[in-house]
K.L.:
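Would you mind keeping the following structure in view while I ask a few things?
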2 protein chains.
Amino acid sequence: MDDEKLNDDNSPGEKKYEELDEETLFVVTQSFKALSDPTRIRILHLLFFKEYSVNEIAEVLHLKQSTVSHQLRFLKNLRLVKFRREGTTLYYSHDDKHVMDILNQTINHALHS
Amino acid sequence: MDDEKLNDDNSPGEKKYEELDEETLFVVTQSFKALSDPTRIRILHLLFFKEYSVNEIAEVLHLKQSTVSHQLRFLKNLRLVKFRREGTTLYYSHDDKHVMDILNQTINHALHS
DNA sequence: GTACTATATGAATATATTATCATATATGTT
DNA sequence: AACATATATGATAATATATTCATATAGTAC
């Protein structure tokens with residue numbers, strides 16, 4: 001928890017609760033929002049081991065191409081995925097170890113309880 | 001990642017992607033949904049070190065009592081918080097170490113980048 | 001250039017979510 | 001019983017979100 005809680009008044013005995021600053025709150029919220037939708041979780045889970053093209057993702061997960069593309073844009077904006085181009089095909093892969101780790105932890109936690 | 005990926009056809013060389021089962025997907029989604037709202041994050045963050053009554057939460061975080069109550073119900077349904085009664089006052093505290101741990105990790109990650 | 005394929009995008013719709021207000025319920029006190 | 005206080009709940013309205021369809025864009029081959 002680091003040192004998030006400190007006195008910021010001058011009463012020696014009283015500890016005042018120190019809120020999360022607005023930007024941290026926003027970043028944390030966004031990270032979890034990315035993982036709060038089943039489609040995005042399925043996509044990230046698919047990308048765990050290897051890269052896939054947009055159409056491959058759509059086929060494997062039985063989703064519309066446009067649905068996948070919209071969600072990939074969402075994930076790309078948060079820098080949770082990246083892509084490389086090969087001709088007209090874009091291969092997407094995950095790009096945030098921390099988020100993938102948290103997803104993995106939570107999946108395993110859910111599987112074992 | 002455990003053994004989430006297995007063959008389930010009879011082609012010896014081909015590995016077929018094994019999807020998350022529906023219930024796991026649901027549980028994981030719900031857990032992250034709990035953390036995808038700034039009000040709920042603020043409440044859980046407040047509860048990190050000690051219990052608070054509903055009115056205390058509302059005062060400290062500058063929220064309406066009914067907003068806090070609604071969100072606490074949400075968190076209680078997911079068993080992320082519990083409460084004890086003292087007279088007419090209900091003291092809420094967190095009740096899921098795994099989720100609090102993930103929240104903590106993500107806050108620290110956000111703070112240090 | 002045209003044709004083909006892969007992906008992205010905009011608009012619309014449907015659904016979900018959140019905060020608020022007003023009120024109900026529950027507990028304690030007199 | 002009446003009253004005060006703490007919390008919960010239902011209804012509503014505002015906002016956000018996800019999916020779909022239709023179409024646009026970008027790259028490749030000819």
Side-chain angles (χ1 to χ4, degrees), chain A residues 22 25-47 50-95, chain B residues 20 22 25-47 51-95:
Chain A
E22 219 179 299
L25 184 62
F26 179 77
V27 170
V28 171
T29 303
Q30 287 303 109
S31 299
F32 287 123
K33 201 162 283 185
L35 298 169
S36 71
D37 174 76
T39 300
R40 287 192 292 272
I41 292 183
R42 292 171 72 210
I43 292 174
L44 287 173
H45 183 248
L46 179 62
L47 297 182
K50 69 184 191 78
E51 63 181 13
Y52 284 86
S53 74
V54 178
N55 274 339
E56 285 172 343
I57 297 172
E59 280 170 32
V60 174
L61 301 183
H62 306 289
L63 297 168
K64 307 277 183 187
Q65 179 267 326
S66 66
T67 298
V68 175
S69 188
H70 278 301
Q71 296 293 9
L72 285 173
R73 179 169 57 171
F74 183 109
L75 295 171
K76 190 154 52 70
N77 287 340
L78 290 176
R79 296 166 195 262
L80 303 191
V81 299
K82 62 177 190 276
F83 64 86
R84 69 180 179 85
R85 177 181 290 280
E86 201 169 287
T88 56
T89 303
L90 305 183
Y91 289 98
Y92 279 83
S93 54
H94 63 82
D95 197 30
Chain B
L20 286 173
E22 219 179 299
L25 184 62
F26 180 76
V27 171
V28 171
T29 303
Q30 288 303 109
S31 299
F32 287 124
K33 200 162 285 183
L35 299 170
S36 71
D37 174 75
T39 301
R40 287 192 293 271
I41 292 183
R42 291 171 72 211
I43 292 174
L44 288 173
H45 184 248
L46 179 62
L47 298 181
E51 62 181 13
Y52 284 86
S53 74
V54 178
N55 274 339
E56 285 172 343
I57 297 171
E59 280 169 34
V60 174
L61 301 183
H62 306 290
L63 296 168
K64 306 277 183 188
Q65 177 268 326
S66 66
T67 297
V68 174
S69 187
H70 279 301
Q71 295 294 10
L72 284 172
R73 178 168 59 171
F74 183 109
L75 294 170
K76 190 155 52 71
N77 286 340
L78 291 177
R79 295 164 195 265
L80 303 191
V81 298
K82 62 178 189 276
F83 64 86
R84 69 179 180 86
R85 177 182 290 279
E86 202 168 287
T88 57
T89 303
L90 305 183
Y91 289 96
Y92 279 82
S93 54
H94 64 82
D95 197 29

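The sequence lines fix the lettering, A, B, ..., with proteins before strands; numbering per chain opens at 1.
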K.L.:
Do any N or O atoms from the side chain of B:S36 and from the backbone of B:K33 form a donor-acceptor pair under 3.5 angstrom?
P.N.:
yes
K.L.:
Report the nucleotide, chosen from D:dA26, C:dT27, C:dT7, that has the shortest atom-to-atom distance to any side-chain atom of B:R85.
P.N.:
C:dT27
K.L.:
Looking for any heavy atom pair under 4.0 Å, which part of the strands does B:Y92 touch: base, sugar-phosphate only, or nothing?
P.N.:
sugar-phosphate
K.L.:
Would you kindly give the CG-to-P distance between B:L90 and C:dT27, to the nearest whole Å?
P.N.:
9 Å
K.L.:
Do you know the tightest heavy-atom contact between A:A34 and A:R40?
P.N.:
O-NE, 3.0 Å
K.L.:
Please check the phosphate of C:dT18 (OP1 and OP2 only) for any side-chain N or O of B:T67 closer than 4.0 Å.
P.N.:
no
K.L.:
Return the value, rounded to whole Å, for the distance between atom CD of B:Q71 and atom P of D:dT7.
P.N.:
16 Å
K.L.:
Could you tell me whether the phosphate oxygens of C:dT7, OP1 or OP2, come under 4.0 Å of any side-chain nitrogen or oxygen in A:T88?
P.N.:
no
K.L.:
Between atom CZ in A:F83 and atom P in C:dA6, what is the gap in whole Å?
P.N.:
17 Å
K.L.:
Is the phosphate of D:dT7, meaning OP1 or OP2, less than 4.0 Å from a side-chain N or O of B:N55?
P.N.:
yes
K.L.:
Carefully, step by step, assess B:V28 and B:L20 under the rule side chain to side chain contact (heavy atoms under 4.5 Å, CB included).
P.N.:
CA-CA 10 Å; B:V28 171; B:L20 286 173; 5.7 Å; no
K.L.:
Could you state the atom-to-atom distance from NZ of B:K82 to P of D:dT7 in whole Å?
P.N.:
17 Å
K.L.:
Can you give me the closest heavy-atom contact between B:I43 and B:Q71, atom names plus distance?
P.N.:
CD1-CB, 3.9 Å
K.L.:
Can you check whether any acceptor in the base of D:dC21 is under 3.5 Å from a donor in the side chain of A:S66, or vice versa?
P.N.:
yes
K.L.:
If only side-chain N and O atoms of B:S69 are considered, is one of them under 4.0 Å from the OP1 or OP2 phosphate oxygen of D:dA8?
P.N.:
yes
K.L.:
Ignoring hydrogens and angles, are the base of D:dA6 and the side chain of B:Q65 linked by a donor-acceptor pair under 3.5 Å?
P.N.:
no
K.L.:
How long is the line joining CZ of B:F26 and P of C:dA16, in whole Å?
P.N.:
12 Å
K.L.:
Counting distance only, does the side-chain N/O of A:T29 pair as donor-acceptor with the main-chain N or O of A:L25 below 3.5 Å?
P.N.:
yes
K.L.:
How is A:K33 classified with respect to the nucleic acid when contacts are heavy atoms under 4.0 Å: base, sugar-phosphate, or nothing?
P.N.:
sugar-phosphate
K.L.:
Starting the side chain at C-beta, find the nucleotide from D:dT28, D:dA18, D:dG10 nearest to B:R73.
P.N.:
D:dG10
K.L.:
Grab the CD1-P distance between A:I57 and C:dA6 for me, whole Å please.
P.N.:
14 Å
K.L.:
Starting from P on C:dT17, measure out to CG on B:N77 and report it in whole angstrom.
P.N.:
13 Å
K.L.:
Looking at the side chain of A:V54, which of D:dA18, C:dA8, C:dA26 is the nearest nucleotide?
P.N.:
C:dA8
K.L.:
Please examine the side chains of A:F83 and A:E51, heavy atoms only from C-beta on, and report whether any two atoms are closer than 4.5 Å.
P.N.:
no
K.L.:
Which part of the nucleic acid, if any, lies within contact of B:T89, taking any heavy atom under 4.0 Å across all strands shown: a base, the sugar-phosphate backbone alone, or nothing?
P.N.:
sugar-phosphate
K.L.:
Any N or O donor-acceptor pair under 3.5 Å from the base of C:dT20 to the side chain of B:H70?
P.N.:
yes
K.L.:
In this structure, how many angstroms lie between the C1' atom of D:dA18 and the CG atom of A:L75, rounded?
P.N.:
13 Å
